[in-house]
There are 2 protein chains.
Amino acid sequence: MRSPDELSDLFRASGRKVTPQRRRIFELLEGNSSHPTAESIYLELVKDMPTVSLKTVYMTLKELEEMGEVQCLDLGMGSSRFDPNVDGEHHHLVCVSCGKVRDFQLSQNWDLKLQVPDEMFSVSKAEIVFRGTCATCRVIGSRSVVENSDKVHIS
Amino acid sequence: MRSPDELSDLFRASGRKVTPQRRRIFELLEGNSSHPTAESIYLELVKDMPTVSLKTVYMTLKELEEMGEVQCLDLGMGSSRFDPNVDGEHHHLVCVSCGKVRDFQLSQNWDLKLQVPDEMFSVSKAEIVFRGTCATCRVIGSRSVVENSDKVHIS
DNA sequence: GATACATTTTGCACTAGTTGTAAATGATTG
DNA sequence: CAATCATTTACAACTAGTGCAAAATGTATC
């Protein structure tokens with residue numbers, strides 16, 4: 001994702017307005033590798049702007065997604081996660097214990113798209129989701145049940 | 001997924017009861033490669049059992065999932081898809097035009113799990129989602145806009 | 001800096017998908 | 001065939017996200 005300044009210019013250049021809400025959302029996303037939900041961005045946002053609405057967050061994220069500045073991830077955890085890392089192709093590690101999501105780059109240079117015969121299906125995007133347990137949760141799990149802020153209900 | 005008969009035995013063996021509703025759901029899933037939603041299974045089910053509830057479908061699917069007899073897929077299309085194919089590791093082709101989902105086997109023998117260093121993250125499952133356009137939709141798309149029963153809203 | 005106007009924000013109602021509750025039903029076992 | 005306890009059902013509730021319209025506010029232009 002571009003910097004808040006660059007995004008502001010881009011927005012204005014395309015006839016969009018740069019409101020304080022949007023500006024702040026840009027800032028909250030910049031360099032954010034926590035794969036936040038719309039809700040979690042909203043919770044940060046209300047700290048500064050008590051009257052902001054969740055709808056605004058959703059709208060801004062959708063625009064950023066349409067502009068290719070963020071990626072919307074559906075990892076089957078109830079709500080969409082947003083990833084400002086869109087420059088390099090990467091994959092995701094999803095911890096089934098704490099729910100944390102982490103970017104992951106393949107070390108081997110596999111071109112996944114080439115796996116699918118083009119006559120059969122024209123691939124525009126191929127992404128791997130690795131599910132498992134992160135290092136932190138493995139340690140915690142081996143000791144005792146500990147409350148984790150990001151804890152997710154695994155049914 | 002096992003056959004309805006085998007599933008019935010398994011259910012009984014684990015103290016569960018085999019109701020006509022469950023039995024019919026087993027049958028509807030057997031060999032079903034359409035990756036149905038709970039809703040679409042329900043719609044088939046009501047044809048035979050007019051008073052069946054959607055809740056029953058969800059509950060039975062959840063049990064089958066817990067028993068490892070079906071896989072629940074969250075592909076970011078609003079609702080979960082269920083896949084009775086759990087015997088071989090396979091991946092999914094998701095058509096962004098018509099919403100159809102199709103199983104796909106890698107021809108190359110890549111072990112995705114080995115890509116992630118175990119100290120970093122302990123992978124229990126790795127799945128690739130290929131998004132793009134299926135052969136049918138490509139042809140349709142090159143002609144004109146045609147109504148497709150599985151059409152999905154792409155925003 | 002003031003003006004005009006389209007864009008945005010907000011609050012609220014609403015949808016879709018899914019789950020919780022509790023009473024009624026019914027499969028299984030002895 | 002009766003007792004037991006899982007299951008089903010209807011319905012309400014919940015979560016994530018969207019549609020709507022009035023009010024507010026950036027931005028280009030003067």
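Just so we're on the same page: letters track the sequence lines, and every chain starts at 1.
When heavy atoms are screened at a 4.0 angstrom cut-off, B:S79 is found touching the sugar-phosphate backbone but no base atom. The residue A:T56 sits close to a base: some heavy atom pair falls under 4.0 Å. Heavy atoms of B:T37 sit nowhere under 4.0 angstrom from any nucleic acid atom. Across all strands shown, B:S53 has heavy atoms under 4.0 Å from base atoms, whether or not it also approaches the sugar-phosphate. Using a 4.0 Å heavy-atom cutoff across all strands shown, A:E39 reaches no nucleic acid atom at all.
At C:dT9, one or more side-chain N or O atoms of A:T19 fall inside 4.0 Å of OP1 or OP2 (strictly under the cut-off). Remark: A:R22 is in phosphate contact with C:dT8, judged by side-chain N or O atoms under 4.0 Å from OP1 or OP2. The phosphate of C:dT18 has OP1 or OP2 within less than 4.0 Å of a side-chain N or O from B:Y58. Neither OP1 nor OP2 of D:dG26 sits under 4.0 Å from any side-chain N or O of A:Q21.
The closest side-chain heavy-atom distance from A:F26 to A:E69 is not below 4.5 Å. Between A:H35 and A:D83, the closest side-chain pair of non-hydrogen atoms falls below 4.5 Å. Residues A:H92 and A:R81 have side chains not in contact (no heavy-atom distance under 4.5 Å, counting atoms from C-beta outward). Looking at heavy atoms from C-beta onward, A:M120 lies in side-chain contact with B:L93 at the 4.5 angstrom threshold. Within the 4.5 Å cutoff, the side chain of B:Q115 has no heavy atoms near those of the A:I128 side chain. Counting only heavy atoms from C-beta outward, the side chains of B:W110 and A:Q108 never approach each other to under 4.5 Å.
Rounded to whole Å, the distance from NZ on A:K55 to C1' on D:dA21 is 11 Å. Per the geometry, CZ belonging to B:R16 stands 13 Å off P belonging to C:dT28, to the nearest Å. Rounded to an integer number of Å, the gap from B:R12 CZ to C:dG30 P is 14 Å. In this structure, A:R23 places its CZ atom 11 Å from P of D:dT27, rounding to the nearest Å. A:M49 has its CE atom 14 Å from the C1' atom of C:dT10, to the nearest Å. Distance A:R81 CZ to D:dG17 P: 11 Å, rounded to the nearest Å. Computed from coordinates, the A:D74 CG to C:dA16 P distance equals 18 Å when rounded to whole Å. Computed from coordinates, the A:M59 CE to C:dT9 P distance equals 5 Å when rounded to whole Å.
Five base pairs at each end of the helix from C:dG1-D:dC30 to C:dG30-D:dC1 define two local axes, and these are offset by 40° (rounded to 10°).
Place B:S80 and A:E63 on DNA chain C by their nearest nucleotides, and A:E63 ends up nearer the 5' end.
Salt bridge status for B:E65 with B:K62: absent, with no side-chain N to carboxylate O gap under 4.0 Å.
Across all their heavy atoms, A:L106 and A:F130 have their closest contact at CD2-CZ, 4.3 Å.
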